[in-house]
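One structure, pasted below without further comment.
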Amino acid sequence: MTPSIAIPEPVQQRPLVFGQQLQAQAREPAHIEVACSHYRNLVVELDPVDRTFWCFMRPEGRPSFTPELLWDINDMQRSLQRLFATRADEAQTPFDYYVLASSVPGIYNLGGDLSLFAEKIRAGDRDALRRYGYLCIEAIHRNAVAFDLPVVTIALVQGDALGGGFESALAHDLIVAERGAKMGLPEILFNLFPGMGAYSFLSRRLGVVAAERMITSGRIYSAEELHEMGVVDVLADDGQGRETLRDYLVQHRRKRNALSSMYQVRRQVNPVTFQELQNVVDIWVDAALRLEEADLRKMARLTAAQDRRRGPVMPLAAE
């Protein structure tokens, strides 16, 4: 029998104070400190020249948001907040840009942990489903508010981003995607809806009608289609995503102050609050517990398709 997967209790949201003057202490350069960070499901590096923090998802199992990957993402995000807090007295911040990418060829992220969903739905375990959902939106909301740091957050999509993978990308300030990438929300295929931010972010980008049309269609879109719709901000040729992103940042270096400020304004004018995401998760849990066995069988088929797509991860310079 497959052992049940433990899901942690949600962490209380506590905004950090970053302007405080911390006690002076000898510190390693920020990129050296980051290089000493190790996660089982992530690879991170800080480029001090481009002033960019790179985070590559490298899940040990299925290329989806397993609890283990989510734990690592949340730990990494909190480490970024600490990195800035402990350097609040320095003249320059540790970095300007944060990029979330993937080291799995052809896959950004395939979304929620469907096998876990099915297990908890069959058991009627409302609390476990809610804890998983809250763990997801902790990470997503930190992206949406740029960790309450003076940085620009970027999703670099070099493969398929489905369900929660697409939701994660949507939570960033900027989406850079390679032409061959596919994105979409297939949850409707097993009679559910994406409950970790898709409606919140898409309705703000596209409007309510277009967001609902996308969610209820279950259609998978090409990066080029989403670029025409205004969802993808920068389009890259296949295999050139990282280089295209670097070129974009170089080209916009003189505008960085203006663009960074504009994203801050966006968060003020169209805020996505943690409470909003939490309320949607609660609705998602209720909907998930109403699924029938036929729906769960369809979910199982998608899980099997995810398993077939497991493959080797790409070697990274940080290793």
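Counting begins at 1 with the first residue of the sequence. Side chains included, hydrogens not; waters and symmetry mates left out as well; all remaining heavy atoms used.
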Are any of the side-chain heavy atoms of L70 and C136 separated by less than 4.5 Å?
->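 Yes, close enough: below the 4.5 Å cut-off.
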
Does E68 reach the main-chain N or O of N41 with its side chain, forming a donor-acceptor pair under 3.5 Å?
->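 No; judged by distance alone, with no hydrogens or angles, the pair does not exist.
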
Please name the pair of heavy atoms, one in A177 and one in M183, separated by the smallest distance, quoted to 0.1 Å.
-> CB-CE, 3.8 Å

Using the six-membered ring of Y263, assess whether NZ or CZ of R267 lies under 6.0 Å from its centre and within 45 degrees of the ring axis.
->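 Because its charged atom misses either the 6.0 Å distance or the 45° angle limit, R267 does not stack over Y263.
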
Can you check whether F84 reaches V151 side chain to side chain, under 4.5 Å on heavy atoms?
-> yes

Q81 side chain vs F147 backbone, donor-acceptor pair below 3.5 Å |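 Judged by distance alone, yes, a pair lies under 3.5 Å.
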
Below 6.0 angstrom between ring centroids: does that apply to W284 and F117?
-> yes

Determine the minimum heavy-atom distance between C55 and L42, stating which atoms define it.
->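 Taking every non-hydrogen atom into account, SG-CD2, 3.8 Å.
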
Side chain of S260, backbone of N257: donor and acceptor closer than 3.5 Å?
-> no

Between L226 and M214, is any pair of side-chain heavy atoms under 4.5 Å apart?
->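 A side-chain contact under 4.5 Å exists here.
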
If we ignore angles and hydrogens, is there a donor and acceptor under 3.5 Å between the side chains of Q275 and N279?
-> yes

What pair of heavy atoms forms the shortest contact from R179 to L235, and how long is it?
->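 Shortest heavy-atom separation between R179 and L235 comes out as NH1-CD2, 3.2 Å.
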
Taking a hydrophobic cluster as the set of Ile, Leu, Val, Met, Phe, Trp and Tyr residues connected by side-chain heavy atoms closer than 4.5 Å, whether directly or through intermediates, do L189 and L110 fall within one such cluster?
->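 No.
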
E33/R87 under salt bridge (charged side-chain N to carboxylate O under 4.0 Å, His left out): CA gap, chis, key distance, verdict | CA-CA 12 Å; E33 181 176 333; R87 288 167 167 76; 3.0 Å; yes

Taking E45 for its side chain and W54 for its backbone only, find out whether a donor-acceptor pair lies under 3.5 Å.
-> no

Please answer: with hydrophobic residues joined when any side-chain heavy atoms are less than 4.5 Å apart, are I32 and L83 in the same cluster?
->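 Looking at the clustering, L83 is in a separate group from I32.
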
Looking only at non-hydrogen atoms, find the nearest pair between L162 and K182 and report the distance.
-> CD2-O, 4.2 Å

Closest approach of N270 and R204, non-hydrogen atoms and distance?
-> O-NE, 3.4 Å

More than 12 foreign heavy atoms under 6.0 Å from CD of E293: is that the case here?
-> yes

Without swapping roles, check the side chain of S102 against the backbone of F56 for a donor-acceptor pair under 3.5 Å.
->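 Between the backbone of F56 and the side chain of S102 there is no qualifying donor-acceptor contact (under 3.5 Å).
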
Distance-only, no hydrogens or angles: does the D233 side chain make a donor-acceptor pair with backbone N or O of V176 under 3.5 Å?
-> no

Are E292 and D295 close enough that some pair of their side-chain heavy atoms sits under 4.5 Å apart?
-> yes

Heavy-atom distance under 4.5 Å between the side chains of H31 and V34, does that happen here?
->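 A side-chain contact under 4.5 Å is absent here.
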
D113 side chain to F65 main-chain N or O, any donor-acceptor pair under 3.5 Å?
-> no

Strictly under 6.0 Å, is that where the ring centroids of F193 and Y199 end up?
-> no

For A198 against L185, the heavy-atom pair lying closest together |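 So the two residues come closest at CB-CD1, 3.9 Å.
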
Return yes if a side-chain donor-acceptor contact under 3.5 Å exists between N191 and R290, otherwise no.
->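 The criterion, which ignores hydrogens and geometry beyond distance, is not satisfied for R290 and N191.
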
Over 12 non-hydrogen atoms of neighbours within 6.0 angstrom of CZ in R219 = yes

Carefully, step by step, assess T52 and R246 under the rule side chain to side chain donor-acceptor pair (under 3.5 Å).
-> CA-CA 9 Å; T52 301; R246 280 179 165 145; over 6 Å; no

Looking at N143, V145, I137, which hits side chain to side chain contact (heavy atoms under 4.5 Å, CB included) with H141?
->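 When N143, V145, I137 are each tested with H141, the side chain to side chain contact (heavy atoms under 4.5 Å, CB included) holds only for V145.
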
